[in-house]
Participant: 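Dumping the structure here so I can ask a few things about it.
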Amino acid sequence: MAVLHEESGFTSSSLPTPAEVENIRELARVGALPTGLELSKLQSTMTNAPAEIQHYETEIETLQKEISRLASERTSLESYLNLCRSVLSPVHRLPNEMLADIFDLCVPEELYWISDTITVDDEMNRLAHSHLLQLAQVCSRWHRVAMHTPKLWSLITVDVDYWSPGVSDGVNSILANLLESSLARGQDFPLTLNIGIADSISPNGEAIGEMVLQHAHRWREVYIWSRGAPNMALSSATIKLDQLVKLDLNVELWKDVQVFRSTPALTDFSFSGYLDNQPTVPWTQLKTITYDSHNSPGPSYSPLSVLQLAPNVLKCTFYLNLHHESPGHEPWDLQVSSGMKKFYLRLLSSTTGDAVVGHLFDCLTLSALEGLDIYPSDIKLPPVWSSSSFLALADRSGFGSRLTYLAIHVILTDEELLCCLRVLARLEKLFVTDCGTSINTVTITNHFLRELGFGLRTSLIPELKLLSLRCGLEFDDAVYADMLASRVADGTRTRAFKSNLWWFETHKREISPEALGRIAQLVSDGRLIYKSGNPVDLFTFVFRLSSYKCLKPNDIEILSSDPQIHNCAHRVRMTMPNSSPNQYYTTHMDRYVGQLER
């Protein structure tokens, strides 16, 4: 009775046609009885259908087993295919050293920061290097690379606040074990160490101090934040730190601490607070110095005395509170000569006259200076420029033959700026923010732009390669376009001239289409690289982040489109709580922003 179907393997001979189904439904509807052939066929179906239904059940069961087999084999084949792909994946052809470099890029940002936003769990995760523990679970090779590559364990950040008596002994024990384990896995690889010490008499702080001192021979870069005196372990240590090249101390009351005395490789030193409270360091070998006097209520030593202590420094950054370091203070009656090449002044407060800035210039002779960068902490409170003092400084320092970089955010007139630029024949990069508070102190004017043009007569700063202006567009756009056209027309220029034009958030107009058209043509010709815009959103972004105390490297990189955004870092510094680990955020902000091509 059953027949073999070509497609499914079995089909019942009792299956009705659509006409037969319709006929039997009609009989059921009217209540009539089938007769003759219809009756015979129905009786045959009643007899044969049960066995054929059972046959269907058997077929279905057989096919289900076959489907299960096929599905299982498909899964096995897919798994094997994935293994083949994995084995032949390019990542398996990477040498272990390159794989370790990739792992090193996976370091979470929290591992860098000492901050009051970190939790105990965060402290555990960063001490354990949990990102490496996760990578180690991928395969045995990744496990070997992650767990046995010392450089991956060479960054240690520890905050004593989370080891305080308020934390259970069990948690402190776990933290200590994690720290000890991470230090051990770093073996003898040079160590970057970030330590926060809130309480100098904390027994846990002593334990941490002793633990990290056991690896002092590995110290390469060290940042220490301390609210008071150092703990006994650090203050009493007299060891040789052969590998230490960079030291950053945000500390108080560390006078005469000798732990950093013997550091033959130290060249980069950053510190804050009172000059007479700093530990002993080998000043004469330092090449880079950063000093922050933001919290000094009045100097007992002039900040410029740092330059006397470090006669071989090449790059110096000062964060000066001009309210504190005002003329008339005896410590400022100091004449200092320095061979530094780069000088960055971050003026943390402002005064109403030019006496303070002028007095600062009067105290200095910078005979090797190549770059000068002056910005206030608050864009609304710029200092007043002293042209006479700057010109005297330029004359005795020989700026005309050496200075190639100048960035200023100060109050001065167009003629005062031009007067200063006339003596800077070697200047290649100029950054100016127009801080004029009235029509009489506007800096970026038609007169300034015309004088800056490159004409047949002797031109102002003839070697200029980059001009960045931030202003209120208080000039005619055609004059600005003329200046750019004259600069790119220089037949001796081998590279495109760079120009940036940034305007204030209060700006009420746009650059004219005619001027933009001329500028676009210069860009199209390959003779000009031009950027412009209103950086208000970037400034707002920085302040929003600072209010949440969550500044991180990738946040700072977002700001890279503004070549004068460097000042934002120092504006944010003023929003941070004083004497707080959050100060470290701005240290890294300066580091990242400072790498931007200005």
Side-chain angles (χ1 to χ4, degrees), residues 370-373 403-409 414 417-418 420-422 424-434 442-505 507-538 557-567 593 595-598:
E370 298 175 357
L372 178 62
D373 194 321
L403 196 72
T404 60
Y405 173 98
L406 178 63
I408 53 175
H409 181 123
D414 53 357
L417 178 56
L418 289 169
C420 294
L421 294 180
R422 290 187 182 106
L424 304 179
R426 296 293 304 277
L427 199 64
E428 296 180 359
K429 297 181 179 181
L430 175 63
F431 299 82
V432 180
T433 299
D434 195 334
V442 171
T443 307
I444 312 303
T445 63
N446 288 339
H447 174 57
F448 171 78
L449 294 175
R450 289 192 181 102
E451 290 295 312
L452 205 58
F454 199 90
L456 296 177
R457 60 185 175 78
T458 302
S459 296
L460 195 66
I461 44 178
E463 298 184 19
L464 188 66
K465 299 176 182 178
L466 170 60
L467 174 65
S468 183
L469 305 176
R470 188 164 188 265
C471 57
L473 302 183
E474 302 288 338
F475 52 78
D476 294 334
D477 298 344
V479 176
Y480 177 70
D482 288 342
M483 182 273 295
L484 292 180
S486 70
R487 282 286 169 177
V488 302
D490 179 11
T492 64
R493 188 176 299 278
T494 58
R495 294 185 178 181
F497 184 74
K498 296 181 180 179
S499 181
N500 304 322
L501 180 62
W502 312 105
W503 49 80
F504 299 129
E505 49 266 35
H507 167 62
K508 301 299 183 182
R509 73 175 183 89
E510 299 293 335
I511 298 294
S512 69
E514 293 79 11
L516 286 177
R518 294 178 61 190
I519 293 172
Q521 185 60 53
L522 296 176
V523 173
S524 178
D525 293 342
R527 295 186 290 167
L528 176 67
I529 297 174
Y530 177 74
K531 295 180 181 179
S532 65
N534 183 337
V536 56
D537 292 335
L538 298 177
E557 290 174 350
I558 296 174
L559 307 179
S560 62
S561 62
D562 186 347
Q564 291 192 346
I565 205 72
H566 190 90
N567 186 46
V593 178
Q595 293 172 354
L596 304 179
E597 180 180 1
R598 300 175 60 82

Participant: Can you name the nearest heavy-atom pair linking S532 to W503, along with the distance?
Facilitator: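 So the two residues come closest at CB-CZ3, 4.0 Å.
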
Participant: For L528 and L484, what are the C-alpha separation, side-chain angles and deciding distance, and is it a side-chain contact (heavy atoms from CB on, under 4.5 Å)?
Facilitator: CA-CA 8 Å; L528 176 67; L484 292 180; 4.1 Å; yes

Participant: Please round to the nearest 0.5 Å and tell me the distance separating atom CD of E510 and atom CG of L473.
Facilitator: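 These two atoms lie 8.5 Å from each other.
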
Participant: Show your reasoning for whether side-chain contact (heavy atoms from CB on, under 4.5 Å) applies to Y405 and D373.
Facilitator: CA-CA 8 Å; Y405 173 98; D373 194 321; 3.1 Å; yes

Participant: Are L406 and V432 side-chain neighbours, meaning at least one heavy-atom pair lies under 4.5 Å?
Facilitator: no

Participant: Between N446 and F475, is there a donor-acceptor pair closer than 3.5 Å when you use the side chain of the first and the backbone of the second?
Facilitator: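 Answer holds: no.
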
Participant: What's the spacing between C471 SG and I444 CD1 if we round to 0.5 Å?
Facilitator: 6.0 Å

Participant: Grab the two heavy atoms, one from L522 and one from V488, that are nearest each other, plus how far apart they are.
Facilitator: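 Heavy atoms of L522 and V488 come nearest at CD2-CG2, 3.7 Å.
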
Participant: Side-chain donor-acceptor pair under 3.5 Å between D414 and T445, yes or no?
Facilitator: yes

Participant: Which value, rounded to the nearest 0.5 Å, describes the distance between L460 atom CG and R422 atom CZ?
Facilitator: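 Between L460 CG and R422 CZ, I get 6.5 Å after rounding to 0.5 Å.
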
Participant: Please report the C-alpha distance between F497 and Y530 in whole Å, then the side-chain angles of each, then the deciding distance to 0.1 Å, and finally whether the ring-ring contact (aromatic ring centres under 6.0 Å, His included) criterion is met.
Facilitator: CA-CA 8 Å; F497 184 74; Y530 177 74; over 10 Å; no

Participant: Could you measure the distance from the CG atom of L427 to the SG atom of C420? Nearest 0.5 Å is fine.
Facilitator: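 Answer rounded to 0.5 Å: 11.5 Å.
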
Participant: Could you tell me which non-hydrogen atom of F431 sits nearest to which non-hydrogen atom of S468, and how far apart they are?
Facilitator: CD2-CB, 3.2 Å

Participant: Quick one: does any side-chain atom of T404 pair with a main-chain N or O of R426 as donor and acceptor, under 3.5 Å?
Facilitator: no

Participant: Restricting to non-hydrogen atoms, name the atom on A481 and the atom on R518 that form the minimum distance, rounded to 0.1 Å.
Facilitator: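 For A481 versus R518, the nearest heavy atoms are CB-NH1, 3.7 Å.
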
Participant: Is it true that R450 and D482 have a side-chain N and a carboxylate O under 4.0 angstrom from each other?
Facilitator: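 No, R450 and D482 are not salt-bridged.
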
Participant: Rounded at 0.5 Å granularity, tell me how far CG in L449 sits from OG in S486.
Facilitator: 10.0 Å

Participant: Start with the C-alpha distance between S499 and L501, add both sets of side-chain angles, then the distance that settles side-chain contact (heavy atoms from CB on, under 4.5 Å), and finish with yes or no.
Facilitator: CA-CA 7 Å; S499 181; L501 180 62; 5.6 Å; no

Participant: Any donor and acceptor pair, going by atom type alone, linking the side chain of R487 with main-chain N or O of L452 inside 3.5 Å?
Facilitator: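 It does hold such a pair.
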
Participant: Nearest heavy-atom pair of I529 and A496: which atoms, and what distance?
Facilitator: CG1-CB, 3.9 Å

Participant: Contact between I461 and L430 at the side-chain level, heavy atoms closer than 4.5 Å - yes or no?
Facilitator: yes

Participant: Quick check: do H447 and L418 have side-chain heavy atoms less than 4.5 Å from each other?
Facilitator: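 In short, these two side chains touch, coming nearer than 4.5 Å.
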
Participant: CG of L469 to CG of D434: how many Å apart, nearest 0.5 Å?
Facilitator: 9.0 Å

